[in-house]
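Index from 1, following the sequence. Just the heavy atoms: all of them, side chains too, but no hydrogens, waters or symmetry mates, feed the values below. Remember, it's 1-based here, ligands and their atoms both numbered in the order they're listed.
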Amino acid sequence: MSINSSIINDPSRLEALMSYQILDTVEEQDFDDVTSLAAGICQVPVALITLIDRDRQWFKSRLGMPVEETPVEQSLCAQAIQSAEDIFIVEDTRTDQRFCHTVIADTETPFVFYAGVPLINTDGFALGTLCVADNHPRELTDQQQQSLKILARQVMDKLELRRKILQLQEAGQLNRRLYQSIEQNRNLALIEQAPVAISILRGPEHCIDAVNKPMLTLLGKSAGIINQPLLHALPELAWQQPYRQIAEVYQNGKRLQGLDTPVLFNKNGREEIGYYNFTYAPLFEDGKITGVINMAADVTELVEARMKTEAANQELLLTNQELVRANRQQLIARQEAARARLLLNQALASAQLGTWYMEPDTREFIASQRFKELFGYLPVDDLDLQTALSHVTAEYRQLVADAVETALAEGKSYDLEYTMLTRNTQELKWIRTTGRFFGGDAETKAYLSGTVLDVTDRKKAEERKSDFVGIVSHELKTPLTSMGAYLQLLQMKAEKAGDSYQANALRKANKQVAKMSRMVHSFLTISRIKDGKIHLEAETFNLNDLAAEIREESNEIYPNHQINLKCSGTYQVYADRDKIGQVITNFISNAVKYAPESHVIDLHCFLADGQPALSVTDYGPGISPQHQQKVFDRYYRVEDTHTKTILGFGIGLYLCSEIIQRHKGRIWVESELSNGSTFSFSLPVEIK
Ligand code: ADP
């Protein structure tokens with residue numbers, strides 16, 4: 001880009017520039033404030049107010065610029081004013097096609113970044129710019145650009161103000177000279193030629209004795225008003241300040257001044273408000289006041305420019321406050337994000353959690369260092385989703401792949417466990433993985449991410465526990481059966497012999513053995529479930545009858561409880577009668593065990609979503625919501641003040657849930673703390 005000398009050297013533009021009498025003036029705080037504000041807002045080291053003369057650019061204010069002026073050929077500002085853009089930005093002069101062949105060196109360090117807003121006066125002449133610069137490439141936010149434009153308007157307003165003040169000072173001097181000569185010579189011709197608005201008002205009615213052209217223009221009247229009393233020519237003045245002041249001067253002979261006085265004139269039938277500086281001086285003849293000389297200057301533009309500056313200042317102040325607030329918020333957000341990241345990383349490291357992230361469109365998969373380590377990879381190795389899935393053992397691979405796809409397609413979260421073989425060493429590991437889809441918005445992209453955790457130790461411990469439980473239960477089963485048989489035999493003998501003490505003790509011993517047998521039976525069922533050996537022996541039976549039988553037995557076993565049965569209909573089911581009985585018995589024994597104060601237990605046969613269902617309700621301590629979903633997990637026990645003294649292994653409900661699931665039925669609990677619990681199951685109508 002080169003300098004277009006016809007724009008720069010346009011005589012009208014240069015004349016306009018000269019009218020401000022600003023070139024080569026001293027530094028002024030007002031302008032320096034603007035450049036330091038501009039540098040602060042844009043966060044750059046250089047901010048200038050440049051004025052483009054014929055062959056030089058001169059700096060009215062120069063922050064970060066050692067010289068007062070530079071040749072116009074090297075001026076980016078000259079390019080800015082001929083660009084006709086309201087803000088001219090070059091993010092990197094080294095790579096910008098327009099400048100990469102031009103030497104742009106306003107200082108020893110060349111400008112790399114430049115942004116300039118042309119200073120355009122009311123007649124449309126570009127006088128120079130307000131610009132900022134840096135020796136690194138950078139960008140300006142919309143808000144920064146906006147602020148720079150506001151500041152440039154301020155500079156222009158200040159220049160206009162300066163020009164008006166100069167004009168007024170000149171007019172003031174002229175006024176004084178004129179007044180003296182009118183006083184001395186009564187020279188009306190002088191009034192006619194004067195470049196400022198003058199009128200002479202005579203007598204108590206302030207008759208317009210003489211008025212010049214500028215005054216007629218100011219009033220919007222013709223020469224016809226001459227010789228008319230003032231209020232006749234300008235009735236709108238009657239209630240306004242200038243009229244009061246003229247009357248005052250005529251009265252006491254003291255000179256008066258009115259600055260920036262608002263006056264409403266009726267010009268050609270239209271009311272117009274303007275601002276004027278007035279001078280009212282008494283006119284003496286033979287020592288007596290005979291009239292008032294009125295000199296006026298129209299300062300409407302000036303006052304409006306000042307008002308605009310004040311409004312712009314206000315706007316700038318608000319923008320600035322907003323910027324400061326936004327910056328502060330950004331800083332806080334950044335600090336919070338950094339703290340959260342740190343905490344997260346610490347948490348991930350101490351929990352030994354691996355993390356992963358996937359981009360839905362490109363399927364780009366990013367695994368954390370720990371993730372790679374778990375799978376037998378080095379931090380520098382690539383690990384994509386397919387490769388990670390290939391390590392999952394065949395029995396779980398589809399399950400994991402489906403979970404990822406469903407999370408992507410339906411935004412569903414997942415939490416599952418699988419086995420995998422590590423790279424190279426082929427070590428078998430149990431992994432617990434979670435995944436969650438995060439939908440994007442206007443600012444962030446959608447993504448899928450989750451965690452991986454090595455749960456091999458826990459799984460092995462569970463297996464060992466199960467194996468142990470299985471073995472012990474198996475070993476206990478035979479001796480327990482024969483012990484039960486012997487006890488029954490002894491009990492019968494004691495009863496026959498009429499030894500009621502022994503018979504009673506043996507009955508109690510028998511009960512305990514029966515309880516133990518049930519427990520051993522449960523443990524055995526669990527280890528069979530684990531080995532996949534549990535088989536259903538389904539038959540069609542009446543659920544009401546089964547419930548009635550169990551109720552009767554339970555009423556005998558738990559004589560301190562009243563067990564009720566209510567049936568809302570008659571329900572035939574096709575299921576394993578023994579195992580369903582085991583579920584009902586378990587619900588009842590839990591109600592007795594965990595709600596000892598609830599002496600009433602209600603059994604209810606009903607239809608749940610069209611399926612035969614049975615519930616057991618107690619009126620005991622209840623279960624809090626956070627435990628409700630977990631009570632069906634293996635080995636899960638609620639450890640609170642109510643339950644900690646009650647013996648159990650956390651397998652009863654797990655067993656019930658396994659049995660019901662194998663029947664493709666549903667099992668659930670409804671409970672409220674202090675308000676009892678209802679455990680229910682429902683069975684599908686047809687599972688033949
Ligand atoms: P356990 O074999 O230890 O009794 P369960 O699997 O039968 O275990 O029950 C799991 C947990 O559920 C228990 O630890 C107990 O806290 C809670 N629970 C079961 N039934 C009830 C009930 N009717 N009222 C209150 N809590 C119960």
Atom indices of ligand 1 within 4.0 angstrom of L653 heavy atoms, with elements
5 (P), 6 (O), 7 (O), 9 (O), 10 (C), 12 (O), 19 (C)

Geometry only, no angles: is G622 polar-contacting ligand 1 at N/O separations under 3.5 Å?
no

Under 4.0 Å, counting heavy atoms only: does F587 come that close to any atom of ligand 1?
no

Atoms of ligand 1 close to Y636 [distance to a heavy atom under 4.0 angstrom, numbered from 1]:
10 (C), 11 (C)

Could I get the full list of side-chain contact (heavy atoms from CB on, under 4.5 Å) partners for D402, not counting sequence neighbours?
Q398

So, T355 side chain and A367 main chain: donor-acceptor pair closer than 3.5 Å or not?
no

Test item, P621 contacting ligand 1 (heavy atom, 4.0 angstrom):
no

Between D618 and ligand 1, find which residue part has any heavy-atom pair under 4.0 Å and reply side chain, backbone, both or neither.
side chain

Main chain of L383, side chain of T387: is a donor-acceptor contact present, judged purely on distance under 3.5 Å?
no

K593: numbered ligand 1 atoms lying under 4.0 Å from its heavy atoms:
4 (O)

Can you say whether the rings of F375 and F371 are parallel (under 30°), tilted (30 to 60°) or perpendicular (over 60°)?
parallel

R666 NZ/CZ over W668 ring centroid, <6.0 Å and within 45° of normal:
yes

Do side-chain atoms of Q502 reach the backbone of D499 as a donor and acceptor pair under 3.5 angstrom?
no

Which of the atoms in ligand 1, numbered in the order shown and given with their element, are less than 4.0 Å from a heavy-atom of S677?
24 (N)

